[in-house]
Every structure is written in C-alpha cells, then in structure tokens.
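Working notes, structure below.
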Amino acid sequence: MTVRTRYAPSPTGGPHIGNIRTALFSWLLARHHGGQFLLRIEDTDQKRYDPAAVDLIIEGLAWLGLDYDEGPGIGGPYAPYVQSERRELYRAAADRLLAQGDAYECWCSSERLDALRAEQTRKKLPPKYDRRCRDEAGRAASRGEAEAEARSCVVRFATPLSGAITLHDAVRSDVTFDLATLDDFVILKSDGYPTYHLAYMVDDEIMRISHVLRGEEWLSSTPRHLLLYGALRFEPPVIAHLPVILGPDGSKLSKRHGATSVFEYRDQGFLPEALFNFLGLVGWSLDDKTEILSREEFVQHFSLERVVRNPAVFNVEKLAWMNGVYIREMPLDQLAERIADRLERDLPANVPRPVDRGLVARITPLIRERIKLLSEVVDYTDFFFTDELRYSVEDLLGKAYRERPADAREALGRATDAVSALDTWSHDGLEAALRALAEERGMKAGDLFSVVRVAVTGRRITPPLFESMEILGQERCLRRLREAAEKL
RNA sequence: GGCGCCAUCGUCUAGAGGCCCAGGACGCCGCCCUUUCAAGGCGGAGAUCGCGGGUUCGAAUCCCGCUGGCGCUACCA
C-alpha cells in the first residue's frame, strides 16, 4: 500500500503553527515511506472564508520546504483539490445515505435549535439535537413550518441509539466511545455545503488517502467518522491524533499567546530550517539526546510510533536557541545572503538599496555567532551603512569615564593620533597601536577600547572593534573619532 | 454538566519491571576564555517520576481509584 497523506487546512487565515506541525508530520510520514503528500483546501465554511488565505497557506508550505505532489495550482489525478469545487460529490454521498436510511432531512429552525440547547444547558443536560425530524411525523411538522418561512433543510446522520465503537488510533491505545452520547450531527448544511465530517472523508476516499493525521481536538468527533465510514462503505484510513500545542499558560496555543502564524516567525527572523527542526520535535523525538536533525534525517527516521501522546507547551526560547545553532552552522555565503535581505528591509530608509553585498560578506563572519535571530542583525551592523550615529554622551563615557569626561576627551585625542599614524590599516595593527597607547598612558585597555567603540560605531555592543574598524576604513574612523571628541 | 485524552526537572523530552535514589536539551547560576556582546569549554542547582492503593522478590514503567490539566460538546474546522 502506498502511503498518501494530506494537509487539508481551512482557509480562514494564515498558516497556524499548530496546523503546520500536523502538515509537517504528514509530509514526513509520506516522504519516509516514499509516498505522496497532497494539499487540499477545505473551504466549506463560507462565513469564515478568507480569500487571501489560500496563497498564504501555499507560501507557508513553500517557505518550510513542505512540497506537495498534488494540490491546487499543480493539479493531479483527483483534481480539483478545493472542496467548494467538488460539491456534487458530497451531495451524492449525502443522497446515498438518505436513500439507505442512514440520514434524514432536518427542517428545524436555528431558533428552535438554540432554544433547545439553552434549555438543556440550563438543566445541566448534555446539549444534543432531540431528533425531532428523525421520524416521519416530526419531520412533516417541521417541514410545514419551514416551508411557510421559505427555509431549506440540512441533512443529519442518523446515529445508532446505543452500542459502542472503538477507534484504533495509531498514536494512542484503543479508544472506545459510547454511541448513546452522540447526537445526529449535520453532514450537509442548508446552503448545500457539506460539513467537515462528510467532506473530508469523501475526498480522502476518492484521493486514496492512507493515513489521516490531525490534531487531538478531533478525537471526540472520531466515533461519528467511524460510523460514517461504515455507512458509506469506505475503508477507514489509519488515523493518528497528534498532541495539541499549548501556549505558556497551558491552554491551546492561540493569538493571545503571541505569534501563531508561521509568517510571524519568519518576520521575527527565524530560519525555516530551524522552525522545521523545532516543530519536528514537538510531539516527536528520535532518542534521548538528538536535538539537531537535518531534513533528511527527519525523513529517514520519522515514525508514528515515536509520536508522544501528551500535549506540548511551545517553547519559543528553545526555538531561538536552535535558530542560533542553524545560523552558526550555515555556510557563510548563504548566511550573508539572508543577512543582506534582512538589512534591505531593516536599515533606515535613507540608506541606499540594494545594500553592498561585498560589505555584507565581510561583516557576516563578525556577527554570526552573536545573533540568534536575523532581526538582531541591524542593531549590530547599522554603523557600517550609515554615518548617522545616535549615541549620547553618557554612552560615550560609559562607566569608566562617567566622572571624568576630560580624560575621555584626551583618550580619544590620543587614540586618533595613534590611529592616524598607521600606514597599514589592519585590525592587528589597530589593536597593537591602541594597546600600546593604553600601556603608555597607564589606562586600562578595556576602558580605552570602550570609548573608541562608541565613537566609531555609536553603540556599546558591537562586533569585534578592530575588525569593524578595518572594514570601516581609516578615513571614516578618524572622522568619527574627531566628532566624538567634539561632543565632550 | 456529559464524553474523551493526558500526567517524568520551570519547559521539551529519554525511559516499554531490575541498567534509573531517573539520562539529554532549552532556560537559570557559577567559573574559564575575552576589547563590548556573543559563541565556546568546564561545573552546578533543578523531578521523593501528580496523589493513594494494589500486583510483584523488585514499578517511573502493569492494574484500580482519586486529583489536576487540556480537548470536544455548532448548519466552525
């Protein structure tokens, strides 16, 4: 049997970190077995439909490198891959169930349903549809009312009133459900669109999906699905419910916890490689020590057996650490390219674009072990690109010269002299000259370097000073040193 | 309220009866290196394995109960 999995998001917004983890696991499973991974858009809820979402979902998958074999845009043997374009299929399935007596039309108004629910909740009873339309008489009555108001009907599945059904979940032990707790759920809405329950399985059947991976929030609706598979005579796929991803407070990860869209992480300067690695480890592990795995290693080792059952809190700090690891391990030329892209967007508007790639290439080795996120780049490097340094006198003096600005001024003056006397402008020449100066004047080398640092870069935290000065060049450094002295 | 899932350091996890008075990683704290900041090296604190009962010569690992957290309970997915 060839393994075919899919990512079937509802286009209601950008790709959520939780959904994308499910996509990642599904992709991994398919790739591990040399099978196929498909993308299918489940746009059956017109009220929440967001037309921009489909492109965002596709872009998010591409950014993470989750390529799909069939889906919108690229087609495939079971096209179309968008549910709103497949409505006759669901209608036909519903008709079959109607004909078999496994489903019935329900003409109840939403007002009646709401009132019913309210009443049940008030009495502390489980809210369930009362099956008024399940028998002929009730249905006729409801239908009369509905036609008077020109309302149409929904189709409900007729669940067995008793019995039990058990799910053999691929990551959990068997889960048994009491059918008496179920109600007759809607499979076809009054607007003619199917609900998720009907739509996904009709498509999975047609598209020959072998494994369904989804979030644990679906576990409680699985007994309905099992019933539906049976009534439709579908062979159920392997079903695996993945643990939910939690926010720091232990509730399901959502907007109020901060970033939930993969694009928010991208914009914060996370690398797709790092997010891939990190997400691959939320709910799955290789062994007792491996943290860093390449895409290929994930594909090679991934298995449903090692998916954990317990929910996981999303640990952004660890993701940031991992991002740093990826930044440090990335080949310099590749990193330089990403840094250049990032600078184009983060540098002040008056810095000419495109940024000087040669310059970026020289800077990259100086900052690569100092940054965890691409977003930190600009603060480390802006002084290479602009002469508008904004620092205060306090920054310049630092702790060492706070009480004696005159000494700082003198130090700067002597440093300027020492450095202007240099005939070769190199970092070791600079260091030798300034160390000699400190020695000669009885200054702490660190104190001297610190004033020079702020004078030349405008910042207290910078890449290595002498390398930076070498790149900046003699002329610019001298000018900045003099400007600094004038401030005192 | 009902149904269901889950339960090992703050967090992610390893652990499928003796190898565990519990291993790794992030974070945290020291020290070293050092021109700032990092990175790196070394070391440390941190979990009586939610609680209570069993089973067993022996339990984090099996069983039962409890508690807690979470999820679902829509003509949303």
Side-chain angles (χ1 to χ4, degrees), chain A residues 8-12 19 42-45 47-48 106 108 110 113-114 117 120-129 152-156 167 169 172-173 175-178 180-183 185-191 193-197 199-200 214-223 241 243-244 246 248 250-252 278 281-292 308-322 324-325 328 367-372 376 380 398 431 434-435 438 444-450 452-454 457 459-466:
Chain A
S10 172
T12 54
N19 295 332
E42 307 214 324
D43 56 345
T44 55
D45 184 350
K47 291 182 219 66
R48 297 200 307 153
C106 168
C108 293
S110 47
L113 263 18
D114 289 345
R117 232 185 330 268
Q120 287 162 333
T121 314
R122 197 181 58 76
K123 288 185 179 158
K124 304 239 188 228
L125 292 169
K128 277 167 64 175
Y129 176 56
S152 63
C153 67
V154 302
V155 177
R156 287 182 186 273
L167 160 71
D169 191 284
R172 284 149 216 282
S173 41
V175 187
T176 301
F177 301 88
D178 181 359
T181 63
L182 264 37
D183 69 350
F185 57 98
V186 173
I187 56 176
L188 204 67
K189 305 184 230 181
S190 58
D191 62 4
Y193 278 84
T195 59
Y196 167 83
H197 311 296
Y200 97 82
R214 51 162 52 150
E216 200 207 287
E217 65 270 22
W218 288 106
L219 191 58
S220 356
S221 30
T222 310
H241 288 98
V244 288
L246 272 20
S251 67
K252 197 169 153 187
F278 181 77
L281 255 19
V282 7
W284 184 86
S285 69
L286 174 62
D287 55 26
D288 58 343
K289 41 190 58 109
T290 311
E291 302 285 344
I292 305 297
V308 301
R309 281 167 289 276
N310 39 324
V313 173
F314 193 81
N315 187 348
V316 197
E317 300 232 293
K318 187 160 180 173
L319 171 58
W321 161 78
M322 197 172 273
V325 171
R328 276 172 256 129
I367 59 169
R368 87 145 134 195
E369 58 230 10
R370 278 161 239 274
I371 53 170
K372 282 221 234 336
E376 298 167 39
Y380 268 112
E431 177 164 6
L434 289 175
R435 275 194 195 284
K444 282 209 316 231
D447 290 348
L448 176 62
F449 297 167
S450 138
V452 173
R453 180 188 310 280
V454 177
T457 68
R459 291 182 179 272
R460 301 199 55 80
I461 296 170
T462 73
L465 179 58
F466 307 113

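Excluded from the calculations below are hydrogen atoms, water molecules and symmetry mates; all remaining heavy atoms, backbone and side chain alike, are included. Per chain, numbering begins at 1; letters A, B, ... match sequence-line order.
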Check: With a 4.0 Å cut-off on heavy atoms, is Ser10(A) in touch with a base, just the backbone sugar-phosphate, or nothing at all?
Finding: sugar-phosphate
Regarding Lys189(A), tell me which of base, sugar-phosphate or nothing describes its non-hydrogen contacts under 4.0 Å with the strands shown. base
Is the NZ or CZ atom of Arg435(A) positioned over Phe449(A)'s six-membered ring, under 6.0 angstrom from the centre and within 45° of the axis? no
Exercise. Assign Val452(A) to base, sugar-phosphate, or nothing according to its heavy-atom contacts below 4.0 angstrom with the strands shown.
Key: nothing
Using the C1' atom on both, measure C64(B) against U55(B) and round to a whole Å.
-> 11 Å
* Describe the nucleic acid contact of Tyr200(A) in one word from base, sugar-phosphate, nothing, applying a heavy-atom distance below 4.0 Å. => nothing
(message) Distance check, P atoms only: C6(B) and G10(B), in whole angstrom units.
(response) 22 Å
**Request:** Give Arg117(A) one of three labels, base, sugar-phosphate or nothing, depending on what nucleic acid heavy atoms sit under 4.0 Å from its own.
**Result:** sugar-phosphate
**Study point:** Side-chain heavy-atom pair Phe314(A), Pro248(A) within 4.5 angstrom cut-off
**Key:** no
Item checked: Sub-4.5 Å side-chain heavy-atom contact between Asp45(A) and Lys189(A) -> yes
(Q) Within the 4.0 Å heavy-atom criterion, would you say Cys153(A) contacts the bases, only the backbone, or no part of the nucleic acid? (A) nothing
Under a 4.0 Å heavy-atom criterion, RNA chain B is touched by chain A from G1(B) to A77(B)
Does Arg156(A) qualify as a cation-pi partner of Tyr129(A), given the criterion of NZ or CZ under 6.0 Å from the six-membered ring centre and within 45 degrees of its axis?
yes
| message | By the 4.0 Å heavy-atom rule, please label Gln120(A) as base, sugar-phosphate, or nothing. | response | nothing
Sorted by chain and residue number, the salt bridge (Lys or Arg N to Asp or Glu O under 4.0 Å) partners of Asp169(A) (sequence neighbours excluded) come out as none
TODO: Quick one: label Gly215(A) by what it contacts on the DNA or RNA (base, sugar-phosphate, nothing), any heavy atom closer than 4.0 Å.
DONE: nothing
request  = For Ala312(A), answer base if it contacts any base atom (sugar-phosphate contacts may also be present), sugar-phosphate if it contacts only those atoms, and nothing otherwise; contact means non-hydrogen atoms under 4.0 Å.
outcome  = sugar-phosphate
pair_partner(G69(B)), Watson-Crick or wobble, both distances < 3.5 Å, evaluates to C5(B)
Please measure how far the C1' atom in C9(B) lies from the corresponding atom in A14(B), and state the result in whole Å.
13 Å
Item checked: P gap between U48(B) and U35(B), integer Å -> 44 Å
Discussion item. Suppose you measure atom P in U61(B) against the same atom in U56(B); what distance do you get, rounded to whole Å?
Written reply: 16 Å
| message | Heavy atoms only, 4.0 Å cut-off, all strands: where does Thr44(A) land among base, sugar-phosphate and nothing? | response | sugar-phosphate
Item checked: Integer angstrom distance from the C1' of G1(B) to that of A47(B) -> 35 Å
How would you label the contact of Arg309(A) with the nucleic acid (heavy atoms, under 4.0 Å): base, sugar-phosphate, or nothing? sugar-phosphate
Lys252(A) near the nucleic acid: base, sugar-phosphate alone, or nothing, with a heavy-atom cut-off under 4.0 Å?
-> sugar-phosphate
- Item | Close side-chain approach of His197(A) and Ser221(A), heavy atoms under 4.5 Å | yes
Just to be sure I understand the rule, does Lys289(A) reach a base, reach only the sugar-phosphate, or reach nothing, if contact means heavy atoms closer than 4.0 Å? sugar-phosphate
Residue set satisfying salt bridge (Lys or Arg N to Asp or Glu O under 4.0 Å) with Lys318(A), at least two apart, ordered chain then number -> Glu291(A)
Next on the checklist: Could you check, using the six-membered ring where one of them is a Trp, whether Tyr196(A) and Phe185(A) have ring centers closer than 6.0 angstrom?
Outcome noted: no
Mate of G58(B) across any strand shown (Watson-Crick or G-U wobble, both atom pairs under 3.5 Å) is none
(Q) Give me the distance, rounded to whole Å, that separates G27(B) from A39(B) when you measure between the P atoms they each carry. (A) 8 Å
message: Base, sugar-phosphate or nothing for Lys47(A)? Non-hydrogen atoms, less than 4.0 Å.
response: sugar-phosphate
Considering only the P atoms, how many Å lie between G24(B) and C20(B), rounded to the nearest integer?
12 Å
